[in-house]
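In what follows, a structure is listed as structure tokens, so that the remarks can point back to it.
All figures in this text were calculated on a predicted structure; none of them were measured in a lab.
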Amino acid sequence: MNIPTSNLPRIVIIGGGFAGVNLSKKLANKNVQVVLLDKHNYHTFQPLLYQVSSSGLEPDSIAYPLRKIIKKHKTSFFRLAEVKEIVAERNEIITDIGSLSYDYLVIATGTKTNFFGNQAIKANGMPMKTVSQALDIRSLILQNFEKAAITNSKEERKAFLNFVIVGGGPTGVELAGAIAELKNHILPRDYHDLNADDMSIHLMEGNERVLSAMSEHASKKAEEFLSALGVKVHCKTFVEDYDGVNVTTNSDLKMQSETLIWAAGVTGAPVKGLHAEALVEKMNRYTVNHYNQVEGYKNIFAIGDIALMKTEGYPKGHPQVAQPAIQQGKLLGNNLIKLINNKKMKPFIYKDKGSMATIGRNKAVVDLKHYKFGGFFAWFVWMFIHLMSLVGFRNRVIVLFNWSYNYINFDKAARLIIRPFKK
């Protein structure tokens, strides 16, 4: 890998998500050598992927080069690599570009889409975990608009204009709202030869309510906002099969759709090599102690979505969202320096800063510890928090400009089929 030999302790970080990036920042210019590995050369701000999918933002406004993050860190290095295996007994990792030894290893690989064993949906549905997948969804939506405009078959047109989103969590709710805005504001202006009333959006949720991890107040408000936008919400509904056109559910509900977007869940993305006791197989997450050390290892840590830390307040582990990852990354940076200097590490205590979701223009829900609210103010809070959380000043400026433009003009300027998608 051509990493310089050094007398400094080498800390290898696998993954450039929220956890890995915040850890690498915390270790900047300390008396350690940091090697950050990722199979992409950029950090993705995943909470806004749905806006790339729905033509609201270009991908470069939510992605940031990893080398740019560490460019001023004199003893930090980045390598574009996919880690294949951890050889713990040799303190070594094996990647697609070679092997590398470590003194301390941090696994921050995050999650991947969970299809719950449904091979038909895996083959024909559209996941949305990466920038590439978001661009594929954008292309498919726009291509289906174009196909709907030229077909003479009412049945085909209905399938092209029928959008099914599976999963009523924040991702599914936000995406449903964004696609509804395409129907309400873009379709009538760009496609005069199509009837916007022919377009339908279905949100499928297996639980009794959408946003089940949030308060009942947030769920109720979100469903009201979605209904007002024209989204048909189906709770207690599971998609059992999808062949690329025909959608089959656990109820009598059946339909035809050329676009099924899967936002129903995630599972951990572990790396091969650690002993079986370290991994909770059902969730694919590493069991860690309160210092984020992987069970059975003193110099291997896991942070963020891949880490399962059981506490009294979180017996099933912390939620797989950005805040725990950010907080664990920052704390582990301090703890690694303490460990190297033979000082006592500080246990991780999660500070819940609340949760939120947006449902289109002027509509959002926010759950704080003592306050729960929805509507325009919640939407403004959501925008501010996400804007300030973006990595890089340029990205914040671009996103703010796009949001302002979209708000004033009722427009989504990024509706381009740059890379046509084929099922």
Side-chain angles (χ1 to χ4, degrees), residues 1 3 9-30 32-47 49 62-73 75-86 93 95-97 100 102-112 129-131 266 268-271 273-274 284-286 288 291-294 297 299-309 317-337 339 348 350 389-392 395:
M1 286 195 195
I3 302 295
R10 178 180 288 166
I11 300 171
V12 174
I13 305 168
I14 308 174
F18 288 109
V21 163
N22 279 277
L23 172 59
S24 63
K25 285 181 177 180
K26 208 68 181 177
L27 294 171
N29 298 322
K30 300 291 195 296
V32 293
Q33 185 186 74
V34 177
V35 181
L36 176 62
L37 305 172
D38 199 284
K39 57 186 176 182
H40 301 294
N41 74 334
Y42 53 85
H43 164 78
T44 304
F45 191 76
Q46 289 189 340
L49 270 178
I62 67 162
Y64 196 83
L66 288 170
R67 284 189 176 275
K68 195 170 182 179
I69 292 172
I70 64 169
K71 67 179 182 179
K72 295 182 180 179
H73 306 177
T75 56
S76 294
F77 302 88
F78 170 75
R79 291 294 181 264
L80 185 67
E82 184 175 0
V83 179
K84 301 294 187 180
E85 187 176 356
I86 300 168
I93 58 168
T95 79
D96 58 350
I97 62 169
L100 183 69
Y102 61 82
D103 294 297
Y104 301 92
L105 177 67
V106 182
I107 306 169
T109 47
T111 59
K112 58 185 178 181
K129 279 290 292 177
T130 67
V131 170
V266 294
V271 181
L274 300 189
N284 278 327
R285 300 174 77 180
Y286 292 110
V288 299
Y291 307 104
N292 284 98
Q293 287 172 308
V294 174
Y297 300 93
N299 66 335
I300 299 179
F301 300 78
I303 54 176
D305 293 349
I306 195 68
L308 179 63
M309 183 188 295
H318 297 104
Q320 291 172 295
V321 293
Q323 271 305 314
I326 293 169
Q327 293 175 32
Q328 287 180 359
K330 290 179 178 179
L331 180 64
L332 184 58
N334 292 331
N335 277 340
L336 284 171
I337 300 302
L339 183 62
F348 177 74
Y350 176 47
S389 299
L390 280 163
V391 178
N395 286 24

>> Is the ring pair Phe18/Phe45 parallel, tilted or perpendicular, if the boundaries are 30 and 60 degrees?
In response: perpendicular

> Where do Ile107 and Tyr286 land on the side-chain contact (heavy atoms from CB on, under 4.5 Å) test, with the steps shown first?
Replying inline: CA-CA 9 Å; Ile107 306 169; Tyr286 292 110; 3.8 Å; yes

> So Tyr64 and His43, ring pair (Phe, Tyr, Trp, His ring centres under 6.0 Å) or not? Walk me through it.
Replying inline: CA-CA 5 Å; Tyr64 196 83; His43 164 78; 8.2 Å; no

Could you pull out the closest heavy-atom pair between [X] and [Y], with the gap in Å?
X: Leu66; Y: Gly16; answer: CD2-O, 3.8 Å
X: Thr44; Y: Tyr42; answer: OG1-CE1, 3.2 Å
X: Ala19; Y: Ala108; answer: CB-CB, 4.1 Å
X: Ile337; Y: Lys30; answer: CD1-CB, 3.8 Å
X: Val321; Y: Asp305; answer: N-OD1, 3.6 Å
X: Val266; Y: Gln320; answer: CG2-OE1, 4.0 Å

Just so I know, are the side chains of [X] and [Y] near enough to count as touching, which here means a heavy-atom distance under 4.5 Å?
X: Pro319; Y: Pro324; answer: yes
X: Asn22; Y: Gln327; answer: no
X: Val83; Y: Leu37; answer: yes
X: Met309; Y: Tyr350; answer: no
X: Ile326; Y: Val21; answer: no
X: Phe301; Y: Val294; answer: no
X: Leu105; Y: Ile14; answer: yes
X: Thr95; Y: Leu100; answer: no

How long is the gap from [atom1] on [X] to [atom2] on [Y], to the nearest 0.5 Å?
X: Leu332; Y: Leu27; atom1: CG; atom2: CG; value: 7.5 Å
X: Thr75; Y: Asn29; atom1: OG1; atom2: CG; value: 6.0 Å
X: Ile97; Y: Leu80; atom1: CD1; atom2: CG; value: 7.0 Å
X: Gln33; Y: His73; atom1: CD; atom2: NE2; value: 14.5 Å
X: Ile303; Y: Gln328; atom1: CD1; atom2: CD; value: 7.0 Å
X: Asn335; Y: Lys26; atom1: CG; atom2: NZ; value: 11.0 Å

>> Can a side-chain donor-acceptor contact be found between Lys129 and Thr111 if the only test is distance below 3.5 angstrom?
In response: yes

>> Let's go through Val12 and Asp103 carefully: what are the C-alpha distance in whole Å and the side-chain angles of both, what is the deciding distance for side-chain contact (heavy atoms from CB on, under 4.5 Å) to 0.1 Å, and is it a yes or a no?
In response: CA-CA 8 Å; Val12 174; Asp103 294 297; over 6 Å; no

>> Tell me if a side-chain donor or acceptor on Arg10 pairs with a main-chain N or O of Val35 at a distance below 3.5 Å.
In response: no

> Is the side chain of Arg67 donor-acceptor paired with the backbone N or O of Phe78 at a distance under 3.5 Å, no angle test?
Replying inline: yes

> Given the rule in the side-chain contact (heavy atoms from CB on, under 4.5 Å) test, do Asp38 and Glu82 qualify, once you have shown the distances and angles that lead to the verdict?
Replying inline: CA-CA 6 Å; Asp38 199 284; Glu82 184 175 0; over 6 Å; no

>> side-chain contact (heavy atoms from CB on, under 4.5 Å) for Tyr102 and Asn299? Distances and angles first, verdict last.
In response: CA-CA 9 Å; Tyr102 61 82; Asn299 66 335; 3.7 Å; yes

